[in-house]
Amino acid sequence: MSYDFSQFGGHLGCGSGIEELMDDLGHALASGSPDIRMLGGGQPARIPAVDAIWRRRLEELVHEAGGLDRALTSYDPPMGNLKFITALAKLLRDSFGWEIGPDNLAVTPGGQTAFFFLFNLLAGRMPDGSRRKILLPLVPEYIGYANQGVDGDLFRAVKPAIEETGAHEYKYRVDFEHLEVADDVAAICASRPTNPTGNVLTDEETARLSALAKAHGIPLILDNAYGAPFPGIIFTEAKPFWEPHVILTYSLSKLGLPGTRTGIVIGPPEIIRAIRSMSAIVGLANPSTGQQIMTPLIESGEVLRISREIVRPYYEARCRLAREAAQAAFGDSVPWRMHRSEGALFLWFWFPGLPITSKELYKRLKQRNVLVVPGEYFFFGHDEPGWRHRDECIRVSYAMDEAIVRDGLRVIAEEVKKAFQLHIED
Ligand SMILES: Cc1ncc(COP(=O)(O)O)c(C=O)c1O
């Protein structure tokens with residue numbers, strides 16, 4: 001028997017790049033096989049000092065009066081736990097002078113869901129029949145946004161300027177000259193740091209995007225899944241950014257709590273009310289364990305210290321090792337470049353002139369038990385024909401054990417060399 005799906009079902013129920021990615025990730029982690037080099041997903045590292053904090057907090061919750069009840073056995077209101085959002089608003093107000101209170105915050109089941117709500121709230125088909133788009137000022141951009149429109153494609157993306165910053169290094173920059181905010185743009189959106197590249201929009205680029213959004217009466221959405229002040233996986237001096245028309249998203253995932261599915265949206269009260277309403281309709285309430293684990297760490301400001309003193313240095317050291325391993329694996333054997341690493345958990349490789357597509361490279365690597373993500377998935381919203389660059393990149397996570405990353409990079413270099421060599425022999 002076959003079933004007819006609605007348009008919504010067709011868009012959301014028929015597979016996507018992000019599903020493939022999470023499938024790879026889930027199976028690799030569940031298999032526990034030492035042979036699989038899982039460099040594909042966005043799984044955060046297990047940092048022992050951070051894990052110890054979660055253990056301590058879980059024990060405290062079990063013994064606190066009402067702790068277990070709040071974490072496991074009660075529904076929270078759809079807006080999120082009042083104590084949690086009040087504490088977070090206060091921390092951000094006190095630390096950065098942002099003029100926000102609890103009415104500016106909503107909790108969602110992870111950042112992913114926050115984007116599903118935000119994008120479909122602002123863009124897509126409007127009541128007058130017109131269609132609105134989300135403008136991505138820079139691609140490649142986070143694969144998880146790509147298929148989120150309930151009635152079709154939501155994105156328009158602008159090709160970046162490419163700046164070569166070293167023998168094997170480069171950096172994408174927002175090409176402001178070609179960044180047009182047309183009348184049908186509902187919001188501008190960027191992840192900072194960017195997944196997949198590790199690019200961090202500079203303070204100046206961010207302020208310029210914000211001014212552009214404000215001038216057009218639309219919000220700027222900044223995705224801080226890896227950003228400042230928490231989890232703070234940023235290796236440049238980029239400052240946390242807020243203005244009244246800016247929507248910020250945060251998540252507890254990359255701090256080390258992806259299993260709690262806790263996302264946070266900060267924005268104008270009108271947007272926040274809509275997100276809370278969507279939370280109630282779609283899911284009644286939010287998972288509360290993450291909020292309960294974090295509330296005292298937010299009240300005391302410890303979350304900022306954990307981010308600054310444990311999480312950021314950990315990833316920065318891992319990033320350095322991974323870059324050295326890449327340098328050793330590739331040497332000068334093939335054309336290759338890495339994006340400058342300014343944050344997040346990934347190395348983003350570009351192999352100029354790669355004779356096979358990044359998807360083919362992904363398949364060959366998968367056969368050798370190395371999982372990466374083909375770059376083409378991250379170039380949605382931009383369909384200029386003939387831009388080969390989008391088939392020449394892959395994303396490699398360095399959050400796994402150093403030996404796994406090193407070994408995986410060795411295999412990647414072998415397969416890339418083979419692809420170039422076979423092409424020459426052809
Ligand atoms: C840039 C970015 N935004 C949002 C998310 C969503 O994360 P979560 O739903 O775990 O909060 C991710 C996850 O990897 C991400 O990389």
Side-chain angles (χ1 to χ4, degrees), residues 16-26 29 38-45 80 84 88 105-119 134 136-148 155 157 172 187 189-201 221-228 230-234 238 247-266 275 278-279 282-283 286-287 289-291 293-294 311 315 339 342-348 371-373 375 377-381 395-400:
S16 63
I18 193 72
E19 185 185 356
E20 270 177 43
L21 169 66
M22 293 309 287
D23 239 31
D24 271 354
L25 175 64
L29 294 177
M38 178 57 206
L39 312 181
Q43 171 68 30
F84 175 78
L88 187 52
L105 273 79
V107 174
T108 57
Q112 187 70 14
T113 311
F115 280 96
F116 180 70
F117 289 165
L118 282 169
F119 291 152
I134 302 291
L136 307 174
L138 199 67
V139 273
E141 184 50 277
Y142 174 46
I143 182 176
Y145 301 155
N147 298 85
Q148 289 205 317
F155 299 99
Y172 296 119
C189 174
S191 54
R192 185 181 191 240
T194 308
N195 174 357
T197 57
N199 195 18
V200 175
L201 292 176
I221 305 173
L222 288 177
D223 179 349
N224 298 285
Y226 306 86
F230 67 85
I233 312 175
I234 294 192
I247 300 172
L248 301 173
T249 64
Y250 286 92
S251 165
L252 300 186
S253 295
K254 313 303 173 180
L255 259 182
L257 290 176
T260 69
R261 309 307 302 128
T262 315
I264 301 137
V265 182
I266 299 176
I275 297 292
M278 291 167 109
S279 285
V282 175
N286 293 292
T289 313
Q291 299 176 70
I293 289 174
M294 288 307 293
V311 177
Y315 282 107
H339 195 280
E342 298 175 326
L345 330 170
F346 313 106
L347 298 183
W348 176 254
L371 297 174
V372 301
V373 187
Y377 285 134
F378 299 89
F379 288 92
F380 55 95
R395 191 192 78 178
V396 174
S397 162
Y398 55 77
M400 298 292 130

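Ligands are counted one by one from 1 in listed order, and the atoms in each one are counted from 1 as well. Note that these values count all heavy atoms, side chains included, but never hydrogens, waters or copies made by symmetry. Treat the numbers as computed from the prediction; the structure is a model and nothing was measured.
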Does [X] reach the side chain of [Y], with side-chain heavy atoms less than 4.5 Å apart?
X: Cys189; Y: Leu136; answer: yes
X: Leu118; Y: Thr249; answer: yes
X: Val139; Y: Phe378; answer: no
X: Phe84; Y: Ile264; answer: yes

Which of the numbered atoms in ligand 1 are below 4.0 angstrom from a heavy atom of [X]?
X: Arg261; value: 8 (P), 9 (O), 10 (O)
X: Tyr226; value: 1 (C), 14 (O), 15 (C), 16 (O)
X: Ser251; value: 8 (P), 11 (O)
X: Gly111; value: 8 (P), 9 (O), 11 (O)
X: Gly110; value: 9 (O), 11 (O)

Inset, instruction - Assess whether side chain to side chain contact (heavy atoms under 4.5 Å, CB included) is satisfied between Phe115 and Tyr142, documenting all intermediate values. - result: CA-CA 11 Å; Phe115 280 96; Tyr142 174 46; 5.7 Å; no
Legend entry - Distance-minimising heavy-atom pair for Pro44 and Gly256: CG-CA, 4.5 Å
Of the protein's non-hydrogen atoms, which lies at the shortest distance from [atom], and what is that distance?
atom: atom 14 (O) of ligand 1; result: Lys254 NZ, 2.8 Å
atom: atom 1 (C) of ligand 1; result: Asp223 OD2, 3.3 Å
atom: atom 10 (O) of ligand 1; result: Ser253 OG, 2.6 Å
atom: atom 7 (O) of ligand 1; result: Gln112 N, 4.2 Å

Inset, instruction - Answer yes or no for Ala225: is there a heavy-atom contact with ligand 1 below 4.0 Å? - result: yes
Legend entry - Backbone or side-chain N or O of Asn195 under 3.5 Å from ligand 1 N or O: yes
Inset, instruction - State whether a side-chain donor-acceptor pair under 3.5 Å links Arg395 with Asn195. - result: yes
Legend entry - OH-CZ distance between Tyr145 and Phe119, expressed to the nearest 0.5 angstrom: 5.5 Å
